[in-house]
*Asks:* 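If you scroll down you'll find the structure; I have some questions about it.
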Amino acid sequence: MARRYWLLKSEPDLFSFDDLKAEPGRTAHWDGVRNYQARNLLRDEVKKGDGVLFYHSRISPPAVVGTATVVRDGYPDHTQFDPGAKYFDEKASAEKPRWYMVDIKYGKPLKVAVELPTMREAPGLEEMVLLRKGSRLSVQPVTASEWETILHLGGL
DNA sequence: GCCAACGTTGGC
DNA sequence: GCCAACGTTGGC
């Protein structure tokens, strides 16, 4: 299977690209996804070795700030089993996990953050899932050419 | 902080 | 199975 590409959204106040850099081994669980469409991608499609665009949402302006690499295929998100966790799900069990996560490793910061308004105007990004009206998916597929375009815009 | 868009829940 | 009410996301 050829390497694929994804865009992962995070609110930097909660978990930023620099926070990923500061993790032991520069690696983190991508946990807390509680949307079925995104869950399906994490469980079935996102694979070790895939490329990740790390996107900061809920800031002004939102922007892709760096790259990461998937280092572990989808597996059950343990936060769903922890009654004390924010992401606890009483309907999930170890036998029937409902939510999945992957592990990602810090890659490279973009030399220039690629901001949402820039992406909206960039040739070649017209079809990006991110730019579709009402698009809220926190895990999104990115094409190889979109990946290249954004890295180029980011000075890599 | 506001609010439009979207997703989920639950009564019927 | 419909759909109103509610909760969340995320750009602005």
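Just so we're on the same page: letters track the sequence lines, and every chain starts at 1.
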*Asks:* List the residues meeting salt bridge (charged side-chain N to carboxylate O under 4.0 Å, His left out) with D89(A), not counting sequence neighbours, and say none if there are none.
*Replies:* R98(A)
*Asks:* Write out all pairs satisfying ring-ring contact (aromatic ring centres under 6.0 Å, His included) with one or both partners inside residues 123-154 of chain A, taking only residues at least two apart or from two chains.
*Replies:* Y5(A)-W147(A)
*Asks:* State which residues pass side-chain contact (heavy atoms from CB on, under 4.5 Å) with I59(A); sequence neighbours excluded, sorted by chain then number.
*Replies:* P12(A), H56(A)
*Asks:* Quick one: which residue pairs count as a salt bridge (Lys or Arg N to Asp or Glu O under 4.0 Å) with a foot in residues 12-35 of chain A, not counting sequence neighbours?
*Replies:* R34(A)-D77(A)
*Asks:* Looking at residues at least two apart in the chain, or sitting in another chain, which of them share a side-chain contact (heavy atoms from CB on, under 4.5 Å) with N40(A)?
*Replies:* R43(A), D44(A)
*Asks:* Among residues 125-142 of chain A, which contact DNA chain B at a heavy-atom distance under 4.0 Å?
*Replies:* K133(A), G134(A), R136(A)
*Asks:* Only distances under 3.5 Å count here; give the side-chain donor-acceptor pairs of residues 64-73 of chain A to other protein atoms, sequence neighbours excluded, each with its distance to 0.1 Å.
*Replies:*
from, atom 1, to, atom 2, distance (Å)
T67(A), OG1, K108(A), N, 3.0
T67(A), OG1, K108(A), O, 3.4
D73(A), OD1, K48(A), N, 2.6

*Asks:* Applying ring-ring contact (aromatic ring centres under 6.0 Å, His included), which residue pairs with at least one partner in residues 90-122 of chain A are found, sequence neighbours left out?
*Replies:* F17(A)-Y106(A), Y36(A)-W99(A)
*Asks:* Start at the 5' end of DNA chain B and walk down; is the nucleotide closest to R58(A) or to K91(A) reached first?
*Replies:* R58(A)
*Asks:* First contact, last contact: which nucleotides of DNA chain B are these for chain A, 5' to 3', heavy-atom distance under 4.0 Å?
*Replies:* dC2(B) to dT8(B)
*Asks:* Hey, mind stepping through D103(A) and W30(A) against side chain to side chain donor-acceptor pair (under 3.5 Å) and telling me if it holds?
*Replies:* CA-CA 6 Å; D103(A) 291 353; W30(A) 198 260; over 6 Å; no
